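See below for the structure under consideration.
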2 protein chains.
Amino acid sequence: MASITDVAKHAGVSVTTVSKVINNYTDVSEKTRKKVNESIRLLRYEPNVVARGLVKKRSWTIGILLHNIMTNPFVSEMMSGMQKALASSGYDLLHLSANFNDPDYSVIRHCSSRNVDGMVVFGIGRDNKIPMDLVKAELPTMFVDTDLIGRRAGYITADNRNGILTVMEHLYNLGHRKIAFVSGYLGYVAGRTRFEGYQQGLRQFQLPYYSNYVEISNFDMAGGYNAMQNLLKLPDRPTAVVCTSDVMALGVMNAVTDAGLGVPGDISVVGFDNTAFASIVKPGLTTVSQNIFSIGERVIHQLIELVENPDYSPPVLVEPVELIIRESTSAPR
Amino acid sequence: MASITDVAKHAGVSVTTVSKVINNYTDVSEKTRKKVNESIRLLRYEPNVVARGLVKKRSWTIGILLHNIMTNPFVSEMMSGMQKALASSGYDLLHLSANFNDPDYSVIRHCSSRNVDGMVVFGIGRDNKIPMDLVKAELPTMFVDTDLIGRRAGYITADNRNGILTVMEHLYNLGHRKIAFVSGYLGYVAGRTRFEGYQQGLRQFQLPYYSNYVEISNFDMAGGYNAMQNLLKLPDRPTAVVCTSDVMALGVMNAVTDAGLGVPGDISVVGFDNTAFASIVKPGLTTVSQNIFSIGERVIHQLIELVENPDYSPPVLVEPVELIIRESTSAPR
DNA sequence: TTGTACGCGTTATCAT
DNA sequence: ATGATAACGCGTACAA
């Protein structure tokens, strides 16, 4: 690949002049500009980002750290959104290969070694030191689903609270008064805010809070199944179950069916995420749809803004969600 | 972040000596080595990959080009495999932001501008010029599911042919003699080799080939649904349907059910991919499982080998698959 | 065994 | 308007 020197020689000018043309400096005559551009075209020259980065101490690279990719159904959707936002932005996405088990792995060293301009962090909670390291180092960072902010760090998350609130409203309007809540571990923001939505919903509709109606279990089908089995044992069992994920909701539905009961006839079930399952399962699962694609897009837009503008105030973004009503919810018997 | 100069000053040696220590040269005394390493530790020094890359014309970066991420259910699984293989390899994965619509986008320019060491290409077929550009430029490349090879390019794909062949054997042993084939577009290797497996299976068991039993449709649920509707109209309808994807199989199953027939009672249905759906749907879907995680791992291992060894012969890898038997197949009536 | 000098491809500064 | 020169952080041939 031709270098800037080749172009300079070919055009009969200095390297400096070529650089000026590339970077749209004004102090170069139209005539030389044309000549240089012609040489660039002929030699199929492309500036070397690495060399440029060395002097500018930048890389036009957004680093990303993904943990537990496989267990998260949204990775591909989020990446699609990011890909769209990155297209023709001049930035590429650098998937950092981190060994999360290595105790002396340092994101900061990794990033500065590669001159990474900004970071996206997804699936890594506060229990890990990485987020705080990023915040302290004041490297431009956007967290997804981790409510951490700093001088150069913001975050984005779906509007979990309102999502569950809408679910509660939907169920209340159908006539449900005995509504249970099935969730995975509450340590992450997503879980916590969804639980808050549940509690707020109860208050709003003046329903009592029964701790027996709250089941914290594994964040998968089996977790949902077990949780529902417990709920079915209750003397005054709920007529509706709100789950914090579609997979848990599937487990719940199976438990209901296996107990000889029907969904939604005996018990209404609601999921969260609107994964592909939700529309395929029978009965179709009422659930909350988060626009992950949009989250991916916005993360990148915000991050680039943060990178390029030192005074940009790190945003806290809450992405709206939407209730998708299908067949798994109806009025109670 | 401290630079190599800082370390040299701190240790009271020249920059060269520090460099030699970093790169494990033998011509440095144990004493100075210790001294230098101590300084490195104290200053939390990390060599700058960008500067190093400028000198060595490398980047310790594997570029990846993903097209249509969202429509492919395997991205996250493959990326997990790649992530595992990349951990502690020293390489990071650079997700190239390509504008596929831009006619004068050039992978080669993009790669050489960033000194990308090798490329992984996934979801981009021969109808695009990108793969051939890579082959011609002799940039170390591994294609996934695109059977293209070159002096520095190889590919990896699941053993689609044997996968379908195993399915045919399974159905034949159950007693099926009228076996239909439902597939998406046959332009890609995956589709083509699966079709070859179907044909080979027919020959192997001395079954006739009926073109009416072959339905090419859209690669989604609706496609499967429509295909099955056509098959149901046949005077001598099949007793088993082999699909080239789980989603198409779901569509097929729905069409069977909607026609008042049963799976597997009236018609056995087989999918491909063993996506999460397969085990959740009722009846559970008999399908072929590809080990995408392993494909991801192997792609990276091979590519790194290719990058670091100029004489390494580009591999053609076929990843074994496994038949997962569930409830959607049984002996015909 | 250690260090000097140069080059990698680019941009910034300053002189012309 | 143009160019010579230094610098970015590092690797290496060669000299000492």
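Order of the sequence lines fixes the chain letters, A, B, ..., with proteins taken first and strands second; residue numbering starts at 1 for each chain. From a predicted model like this one, the values you see are computed outputs, not experimental measurements.
- Phosphate contact (OP1/OP2 of dG9(C), side-chain N/O of Arg52(A), threshold under 4.0 Å): absent.
- Separation of the His67(B) and Phe100(B) ring centroids falls under the 6.0 Å cut-off.
- Donor-acceptor pairing under 3.5 Å is lacking for the side chains of Ser88(B) and Asn99(A).
- Nearer the 5' end of DNA chain D, as judged by each residue's closest nucleotide, is the contact made by Ser29(A), out of Pro47(B) and Ser29(A).
- In this structure, CG of Asn115(A) is placed 16 Å from P of dT10(C), rounded to the nearest angstrom.
- Contacts between residues 12-25 of chain A and DNA chain C, defined by a heavy-atom separation below 4.0 Å, involve Val15(A), Thr16(A), Ser19(A), Asn23(A), Tyr25(A), listed by number.
- Asp133(A) contributes no side-chain N or O that, together with a main-chain N or O of Pro131(A), makes up a donor-acceptor pair within less than 3.5 Å.
- Side chain to side chain, Glu319(B) and Ser294(B) meet the donor-acceptor criterion of an N or O pair below 3.5 Å.
- Rounded to an integer number of Å, the gap from CD1 of Ile4(A) to C1' of dT11(C) is 8 Å.
- Asn160(B) places a side-chain N or O within donor-acceptor distance of the main-chain N or O of Ala158(B), the cut-off being under 3.5 Å.
- At a threshold of 4.0 angstrom between heavy atoms, the contacts of Val55(B) include nucleobase atoms, whether or not backbone atoms are also involved.
- The interatomic distance linking Lys35(B) (NZ) with dT1(C) (P) rounds to 14 Å, in whole Å.
- Phosphate proximity of dG11(D) to Lys57(B): absent, as no side-chain N or O sits under 4.0 Å from OP1 or OP2.
- Salt bridge Arg41(B)/Glu38(B): present, at least one basic N to carboxylate O contact under 4.0 Å.
- Residue Asn48(B) is in sugar-phosphate contact alone, with no base atom involved, counting any heavy-atom pair closer than 4.0 Å across all strands shown.
- One finds no side-chain N or O of Lys56(A) lying less than 4.0 angstrom from the OP1 or OP2 phosphate oxygen of dA7(D).
- A donor and an acceptor atom, one from each side chain of Thr32(B) and Ser29(B), are located under 3.5 Å apart.
- In terms of position on DNA chain C, the residue among Thr26(B) and Glu46(A) whose nearest nucleotide sits closer to the 5' end is Thr26(B).
- Near DNA chain C, defined here as any heavy-atom distance below 4.0 Å, there are no residues from residues 106-114 of chain B.
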Original post:
Step by step, would you call Leu94(A) with His110(A) a side-chain contact (heavy atoms from CB on, under 4.5 Å)?
Top reply: CA-CA 11 Å; Leu94(A) 189 68; His110(A) 196 163; 5.7 Å; no
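- With salt bridges taken as basic N to acidic carboxylate O contacts below 4.0 Å, one links Arg151(B) and Glu138(B).
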